[in-house]
Each structure stands twice: as structure tokens, then as C-alpha cells.
2 protein chains.
Amino acid sequence: MTDASRIRRPGPRLEEVARAAGVSRSTVSRVINEEPYVSTRSREAVHQAILTLGYSPNQAARTLAGSRANAIALVVSEQAGRVLSDPFFAGVLRGVHAELSGRRVQLVLMMSQQGDEQDLISYLVGGHVDGALVISLHGRDPLPLTLSEAGLPLVVGGRPLAGKGVPYVDSDNFNGALEAARHLVSVGRTCIATIAGAKDMAVGMDRLSGWRRGMVEAGRPADLVAYGDFTPESGAAAMRDLLDRNPGIDGVFVAADIMALGALQVLHAHGKRVPDDVAVVGFDDLVSAATSVPPLTTIRQDVEQLGRTMTWRLLGELAGEDGLPPSLLLPTALIKRASA
Amino acid sequence: MTDASRIRRPGPRLEEVARAAGVSRSTVSRVINEEPYVSTRSREAVHQAILTLGYSPNQAARTLAGSRANAIALVVSEQAGRVLSDPFFAGVLRGVHAELSGRRVQLVLMMSQQGDEQDLISYLVGGHVDGALVISLHGRDPLPLTLSEAGLPLVVGGRPLAGKGVPYVDSDNFNGALEAARHLVSVGRTCIATIAGAKDMAVGMDRLSGWRRGMVEAGRPADLVAYGDFTPESGAAAMRDLLDRNPGIDGVFVAADIMALGALQVLHAHGKRVPDDVAVVGFDDLVSAATSVPPLTTIRQDVEQLGRTMTWRLLGELAGEDGLPPSLLLPTALIKRASA
DNA sequence: GCGGTTTCTGGGAGCGCTCCCAGGTGTCGG
DNA sequence: CCGACACCTGGGAGCGCTCCCAGAAACCGC
């Protein structure tokens, strides 16, 4: 970026608007920022001048002078390729955008990769954004803590394993899983297993805890656990493992629909009818959960709402509101379909 | 955004780095911008000072002083909700990000909605970004032309119907469709129809033209055309329409896989076997094209490459390179599966 | 009518950087 | 030994805005 981008874009400056409207810079600035203490007369003159001159304020100057960027970052700390096609990401993005619309806040999308973490941190802390939303954390990613300690307002999507005290928003994975477990019990299943998510992710741990709680409160053993990594293949492998360990399984809670799809195939291959022989409950309510064979009973989480809530929480903090909840859990809902 | 965000983030300034390194501001600036004419001694001293002080440059100040934002915008001019879950968008985003990685250029994601177009334009032209990538255009959207006339470097994804002279990158829809048509001819189909995309989108028109060319060069009539709007439902409706008009159809080129999925269902419902009775060729090579029943023969377009190429073209322009092609068409590939 | 308050206005001083220019120091050829 | 030309360095002047302060004008009640 050298030559061409150096050409200064023309367009009028605040000064010229002021002259055209017959007022001072300060007054124009007040109008633009919708501050009080401007006479209707001045206000209209300024609006008129802005319109006729086609003025648009220089954001960099506003940021520099006002030490406010009017932008927030959405930081995706994961391999870009994997995340972008993920409906979770798309849903959050939709929510963030919905919450942002109408406000004059821009969204900067950043993806951390191996190696450029320092660049990312330096950019975020460099004052180009007012705050950050961080999603898709692996394991004990130190990023939230680092950013938080650097004084950057942030909200994490999904409970971070590292970084206590950092505000986050998450689906209520524990209670969702608990509801799934209760549902399996309530439809008369006696030998209930679970396919849990990765052990190094909070979402995996919380859903496993919920299932365990459900088993314990029903007086059932809570040891039929296999682990996957949120892929259909891992779900299939875990299902095979479970059937090997106990062929009498008649109910299984799978901690993610994407794994449940793999599990369904394995059950089919083993001649198990769903839900007659084995009842299956998933989690997430993916689009494909409704069209799987059989359609999947699952726990719905509202990812768009997650994005909205994260954004709301961040903007609230930036606005200096007090009484904001440190962290939030969003309710989930049992969606009954054919598989359980 | 008032109170909290006004707190000036601490951290050292360029000035302090200069003092710590025992050099001037100018020298520090040169080191940061990797300019020549700095002694190794100074350079190392500055690097050391930056590291120990944890200095990170203020982007707003750089932008203001240098009239260069080090950021580009990805503008999605469509309803946010629809686009974000679209694999096309995800693919482009992945490509853009891949091409950007390693360079110090940030990506600002913007979605235009009804009404806030003026805000969007004012932001883009306001100097907060150096250039823009614009995708997902409807009909004769005037946005590219407007931005281009405002002097903003931009590259459009997909041939824009309005705005000649605006550089764009697109898949070679014409030749892709031509290849599809030729394939249908080559597998011995004699009565070949097409389900075209929306008439107000270049992608729809170009694919239709390609199919027409294929029909004409094979000496076939090119009048079995029905239109859809890139939804499965519209594909189904168009297929029904075509079968009504000519039950003897034995080949159909569907201008988008998403519509082909709907068409397949209709063919099945009408008792037509695919490909025995009717051969079907799609376009796009969606993930679900490989798993449809039967798996869909289709024309693959590389959307990630599209994103990469757009970005490369824009960055090239920003760097003042000359000899850049005004516009580019990316090759497509016939993927043979079971449906044709 | 006068102090006190509220409303409104303008100018000055930066925000933290990059660019430009002036000048210093070294190296080389004549 | 001196000019020419590299190389390297520092300071000043902004970039275009917002904030702060001082002050003018309008309004109030007693």
C-alpha cells in the first residue's frame, strides 16, 4: 500500500461545512454528534451544508481526537477455514450485525492464526476498536485474558476455560443437556449413554455435566461416556465404541447434532432402529437435524441470540452502563422430533 | 459510546519509544514502516525499545497522518440474514482472509440494508478504508458505480450489471454453462432444457447464454427455458413447468445446484429416473451436490479463489501496480457424478 | 432590574502519528 | 583535498477532528 492509496480523497472538511453554514467548527461537530445546546437554526443550516457539500466525516480524525473508534472487532480465534462454513459462526455474525444495525458502529472481522497473535493483539489494543467480541475458543486460550488485562473491553462467546472474570455469554449448555437427559428418562429409557464433546472445550464439559446430573438425579449410572470432537466421523466412532461396551444401550444423548448424524448412521448399520431400539437426542438444532433420518430430537440453542446478546453486553459496557450482568446464559429448548 | 470508551488506553507513544531507544521520532517511524536508510544499530535499538515497552502504534493516528487506512471493506449488498448462511459468502470470506493474511491489512465487514446506504457510502468514502470488495449484487445495483465515482478503489465479485468499467472478478459462468450443455449433448441427450437463474442477475444471464450457445452449436433448439430464483422451491416449480411443456425432456441444465435439488425431487415425483430418463447437470458444486440422490453432476466454481482473486486485484491496485487486468474470469470445471 | 442559571457559540489546544526538509556524517573518485 | 553522492538523522508542520474553556445571549424569579 504505497502509491495509489496515498491520494487524498477529496471531499469537503468540517471547516468548509462550518463556513458554508455560517457557524464554527464546534457547532458543526455538535450537530454531527447529536449533542444538545445547538439552536434549531444552526442545526438546520449545518444539515443543509452537509447535504449540499456531500460532507462525510473523517473517521480516523474522529478516532484520534475523540479516542473512540466507533468500531468493534469480532475475533475468531480458530482456523479460518473451519470456522467460516460453520453455521455457528454464521449465526453469531448475523446476530452481531442485527444488534449493530442502526448504531454507528462498524464491525471489524479478525481471525487469529498461528503466529500472528501478536499482530492481532497489537491491533486490538492499538485503539482501532473500542472493544471486542471473541468467539470459538479452543481449550485454555489465553487470548481473552490477555486482551482483558490490556484494558480492552470484551465479551467472550462461550464460556472461556481460562480467564475468570472475563464477561461471557453462552448457551445454557448444562441445563440443556440436563433437559435432554430427563427427556430420555421420561420416554422410558433405562440404559442411557452420552457422546460428549472435546474435553478441552467448555461446551463439551458443560453438556457432559448436565447429562451426568440428569443421570444421577434419576438414580442411573453415569459412566457410559464416549468422546468426540464435533465431527460426524468422531460421532460415528464414539457410537461404535459405546455399542461395543454395552450393546443394550437404548438411549443416547449426543452433545452436538453434527456428531449425532454420524451416530445415526452407525446405529442404522448395526440394525438398531431409532427411536424404537435406541432413542437419540442431539444438541444445537442444526438445519440438517430436521431433515435427518429420522428427524432428530434435539436441544435448540439460539446462536443468533448469542451474537445479539454479546454485542448488547459489549455496547452496554462501552456506553458506561452499570448494573450489567458479568456473564449471561441463554436458555435452550427441547425440540421433539422423531428420534426420541 | 460515551463514558467508558473515552478512557484513553495507556501504553507508550512513539515519542517514548524514541526516547528509550535514544533516537528521534522519525527514526522510530522509519523502523516501524520498514523504510530504508536506518542504521542497523538504530533499528535494533528501536526494536528492543518497542519490545520492552510493549508499544503498539495508534492506527487512527497513522491513518490520519498517512492518509492510508490499512484496511479494506467487504461490502455485502444484500439482506444480511440471507447472505451469511450462504456457502458462497463463506467461501469468498475464506478466500479474502487467506489472501490478506500476512499483510497488515484489516478487513471491515459491512452489510448494506435498506435505508442505511448513505451511511455506508459515507463511511467507505470517509477514508476509513483504502478500498472495497463488493459482493452479492442484485440487479442493477448502483452501489459499485457510486463508490467508483467517489474515487474509492474497488473490485466487484460477480459481473455487475450496472457500472461498466468497474473492475470485477467472476467465475466463467458462460463457459461453465457451455461445458454443461456440451456434456448433456455428448451423453446423447436430444431434448435438453434449462432452468435459468433470475433474469436480473448477471450470473443467471451468463449461464443461460452459455447453455444457449451450446444448444445452437449442436444444432438444437434453445427454447426450453424456465426461470427460478436460486431456491430449491423455484427449481422444483421450474422443473414442473418444463415437464408440462415437454414431457419428453431427457436432459436439463440447472443454473444452480440449490435449484437442482428441488428439480431432482420433482423428477422423482414424476417417476423419472435420473440419469436414465433425464440427465441433470447443476452449477456451483455445493457440498450437498455430492450427497444428493443421485449425486449431482455439476460445474464447479471455486468461490474461495474468487475471494482471493478479488483481494489480490484490489491490493494490487492499492499498491499502484500497473498492468492489472481490468476484470477477470475464473475457470470452472465439470464434475462428473451420477446425475448425467 | 439584577444576580443566577440555562442555552448557545467560537477559538485554542491537542490526539499520535507521517511526511518533508534541512542538515549531518561517511565514502568515493578525481 | 575537495566536491559529489550516497547514507542516515532530527525537528517542524500538519492530517481533520473533538474537547475544553471562556464568554455571549436568553431566560428565570424576586
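Only this structure's heavy atoms are used, side chains among them; waters, hydrogens and symmetry mates stay out. Chain letters run A, B, ... following the sequence lines, proteins first, then strands; residues in each count from 1.
The nucleotide whose nearest atom lies closest to any side-chain atom of A/V23 is, among D/dC17, C/dG10, C/dG16, C/dG10. Candidate nucleotides D/dC17, C/dC17, C/dC19 were compared by shortest atom distance to the side chain of B/P57, and C/dC17 ranks first. Proximity note for B/L14 (side chain, C-beta onward) versus D/dG16, C/dC17, D/dT18: the nearest is C/dC17.
Checking the phosphate oxygens (OP1, OP2) of C/dG10, no side-chain nitrogen or oxygen of A/R19 falls inside 4.0 Å. Close to C/dT18, at under 4.0 Å from its OP1 or OP2, lies a side-chain N or O of B/S29. Contact annotation: B/T27 side-chain N/O to D/dG10 OP1/OP2 distance is under 4.0 Å. Between B/R68 and C/dC17 there is no side-chain N or O to OP1 or OP2 distance below 4.0 Å.
Residues forming a side-chain hydrogen bond (donor to acceptor under 3.5 Å, both in side chains) with A/S26 (at least two apart in sequence, or on another chain): none. Every residue two or more places apart in sequence or in another chain that forms a side-chain hydrogen bond (donor to acceptor under 3.5 Å, both in side chains) with B/E99 is listed here: B/R308.
A donor-acceptor pair shorter than 3.5 Å cannot be found between the side chains of A/N58 and A/R13. Side-chain atoms of A/N33 and A/R62 form a donor-acceptor pair, as typed in the model, at a separation below 3.5 Å.
Remark: P of C/dG14 and CG of B/L64 are 17 Å apart, rounded to the nearest angstrom. When rounded to the nearest whole Å, the span between CZ of B/R62 and C1' of D/dG16 equals 18 Å. In this structure, CZ of B/R25 is placed 9 Å from P of D/dG12, rounded to the nearest angstrom. Summarising the geometry, the separation between CG on A/D130 and P on C/dC15 is reported as 19 Å, rounded to the nearest angstrom. In this structure, CG of B/N58 is placed 17 Å from P of D/dC17, rounded to the nearest angstrom.
Residues from residues 30-52 of chain A lying near DNA chain C, meaning a heavy-atom separation below 4.0 Å, are A/R30, A/Y37, A/V38, A/S39, A/S42 in numerical order.
A donor-acceptor pair is defined here as one N or O able to donate and one able to accept, closer than 3.5 Å; such a pair exists between the side chain of A/T311 and the backbone of A/G307. Side chain of B/R25 to main chain of B/E15: no donor-acceptor pair is present (N/O by atom type, distance under 3.5 Å, no hydrogens or angles).
Looking only at side-chain heavy atoms (C-beta outward), B/E16 and B/R19 come within less than 4.5 Å of each other.
Looking at B/S24, its side chain has no donor and acceptor atom pair within 3.5 Å of the base of D/dG11.
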